[in-house]
Amino acid sequence: MSYTYTGDAHLALSASYREDDDPFPTDTSLNFPRRDHLRDDVHLFTRLIFPRCWNAGSLVENDAALREEVRELAALCYDGIAPYSDEDPSIVVESVFDRLPEIRATLKKDVEAAYKGDPAARSYIEIIRSYPGLQAIVVQRIAHAFYEMGAPEYARELTEYAKMESGIDIHPGADIGDYFFIDHGTGVVIGETVTIGDWARIYQDVTLGALHFEEEEDDEHTLKKGYKRHPDIGDSVVIGAGSKVLGAVTIGDHVSIGANSWVTEDVPSHTSVYISDHPTHERKPKK
């Protein structure tokens, strides 16, 4: 390995593991069927965030083993960033790894939101191991930290892998608040400059995207980069299946957007948006 992480993220993670209590799993002997991964870095991140759910209970009880796993993962991240940058990636890696306990605490809130927001949820373990929305946000929150620290290309690699696994496309630049839940999730797209408040709930096939694109001056083929083009979503917002919220619009707090809505203007707080006239269905007997 070309890089050795020398920080104490393993100690902070170990302390956070000891703080876990029911309904999060506390048994370190849980053993689940093996699930292979194509990216070792994503696999190791999931083990560090929820070790008891990914056959890594030994990390909870053995600080030395945890330190070695953290160092292995840090070296992978270093090597993942290096091809994109002329700068030493160690500062980025150390800054992100120092934030891992904070990211883990936020992801525990996402698990809670999924449990409270889905009548079909039976346990936290079920959510952690099987919910695609949780799998996608685990990777995105870590990728967002890399994005903020100046490694956007590596961050994008991570979220593109998460999209392949979950069917959910969240750009690493999106800034997402606490207690976030995507139910079902297939086809969800969340753009780079999106912001989302706390306790937001989104259903399948929702797009938080751009309405139109600007072109760079004096260049007829290159689209402009680095400007606000996606929605800002407030606290306690529910966005129903198939809805599209497009452009740099503001959706206030406690807004409910019904299924298949098309929103391209600001929506004030405490408002419901829905399609008032649904198409009528006709039936006739088959001959």
Side-chain angles (χ1 to χ4, degrees), residues 49 99 102-118 127 131-148 152 155-156 158-160 162-163 166-211 226-273:
I49 297 299
R99 292 175 58 185
E102 169 196 338
I103 294 170
R104 183 174 190 266
T106 301
L107 287 164
K108 290 175 69 175
K109 294 177 184 178
D110 295 331
V111 175
E112 179 183 345
Y115 184 81
K116 291 181 175 179
D118 183 7
I127 292 164
Y131 275 40
L134 195 279
Q135 294 170 20
I137 195 59
V138 165
V139 177
Q140 196 276 341
R141 291 202 186 278
I142 294 165
H144 183 66
F146 282 108
Y147 180 94
E148 288 188 315
R156 188 65 180 268
L158 295 177
T159 55
E160 289 299 316
K163 179 178 72 173
S166 67
I168 297 169
D169 183 354
I170 315 177
H171 194 284
D175 190 352
I176 299 174
D178 292 345
Y179 300 100
F180 181 60
F181 176 41
I182 300 175
D183 199 359
H184 303 293
T186 303
V188 165
V189 176
I190 299 176
E192 179 183 23
T193 64
V194 168
T195 68
I196 299 175
D198 298 339
W199 287 105
R201 188 164 77 248
I202 293 176
Y203 289 85
Q204 67 273 18
D205 198 31
V206 163
T207 298
L208 306 180
L211 182 60
Y227 69 99
K228 177 67 175 176
R229 57 196 183 277
H230 300 114
D232 293 321
I233 309 297
D235 296 336
S236 301
V237 171
V238 178
I239 305 179
S243 292
K244 315 300 175 189
V245 184
L246 305 177
V249 298
T250 299
I251 308 301
D253 300 335
H254 302 280
V255 167
S256 177
I257 298 177
N260 296 316
S261 297
W262 180 275
V263 179
T264 58
E265 298 179 349
D266 294 349
V267 178
S269 297
H270 302 282
T271 301
S272 293
V273 177

Give every donor-acceptor pair under 3.5 Å between a side-chain atom in residues 237-246 and any protein atom, sequence neighbours left out.
| from | atom 1 | to | atom 2 | distance (Å) |
| --- | --- | --- | --- | --- |
| Ser243 | OG | Gly240 | O | 3.1 |
| Ser243 | OG | Gly258 | O | 2.7 |
| Ser243 | OG | Asn260 | N | 3.3 |
| Ser243 | OG | Ser261 | N | 3.2 |
| Lys244 | NZ | Asp205 | O | 2.7 |
| Lys244 | NZ | Asp205 | OD1 | 3.4 |

Is the closest side-chain heavy-atom distance between [X] and [Y] below 4.5 Å?
X      : Y      : answer
Gln140 : Ile168 : no
Asp118 : Tyr131 : yes
Ser269 : His254 : no
His171 : Ile190 : no
Val189 : Leu208 : no

Begin from the C-alpha positions of Phe180 and Ile202 and carry the test side-chain contact (heavy atoms from CB on, under 4.5 Å) through to its verdict. CA-CA 8 Å; Phe180 181 60; Ile202 293 176; 3.8 Å; yes
Out of curiosity, [X] [atom1] to [Y] [atom2], how far, rounded to the nearest 0.5 Å?
X      : Y      : atom1 : atom2 : answer
His270 : Ser236 : NE2   : OG    : 9.0 Å
Ile137 : His144 : CD1   : NE2   : 9.5 Å
Trp262 : Ile257 : CH2   : CD1   : 13.0 Å
Ile142 : Thr159 : CD1   : OG1   : 12.0 Å
Arg141 : Glu102 : CZ    : CD    : 10.5 Å

Return the set of residues passing ring-ring contact (aromatic ring centres under 6.0 Å, His included) with Phe146 (not counting sequence neighbours), or none when no residue passes. Tyr154
Please test Ile251 against Asp266 for side-chain contact (heavy atoms from CB on, under 4.5 Å), starting from the C-alpha separation and ending with a verdict. CA-CA 6 Å; Ile251 308 301; Asp266 294 349; over 6 Å; no
Nearest non-hydrogen partners of [X] and [Y], listed with the distance:
X      : Y      : result
Ile170 : Ile176 : CG2-CD1, 3.9 Å
Ala143 : Ala155 : O-CB, 3.2 Å
Leu211 : Thr264 : CD1-CG2, 3.9 Å
Gly191 : Ala174 : O-CB, 3.6 Å
Asp253 : Gly234 : OD1-CA, 3.4 Å

Test your reading of the model: is there a side-chain donor-acceptor pair from Thr271 to the backbone of Val267, 3.5 Å cut-off? no
Output yes when a side-chain donor or acceptor of Arg104 lies under 3.5 Å from a complementary backbone atom of Ile49, and no otherwise.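 Checked: pair present.
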Can you check side-chain contact (heavy atoms from CB on, under 4.5 Å) on Val188 and Asp169, steps first, answer last? CA-CA 6 Å; Val188 165; Asp169 183 354; over 6 Å; no
Residue pairs involving residues 174-196 (criterion side-chain hydrogen bond (donor to acceptor under 3.5 Å, both in side chains); sequence neighbours excluded): Lys109-Asp178, Tyr147-Glu192, Glu192-Arg229, Thr193-His230, Thr195-Asp232
Is there a salt bridge (Lys or Arg N to Asp or Glu O under 4.0 Å) between Lys108 and Glu112 once you walk through the steps? CA-CA 6 Å; Lys108 290 175 69 175; Glu112 179 183 345; over 6 Å; no
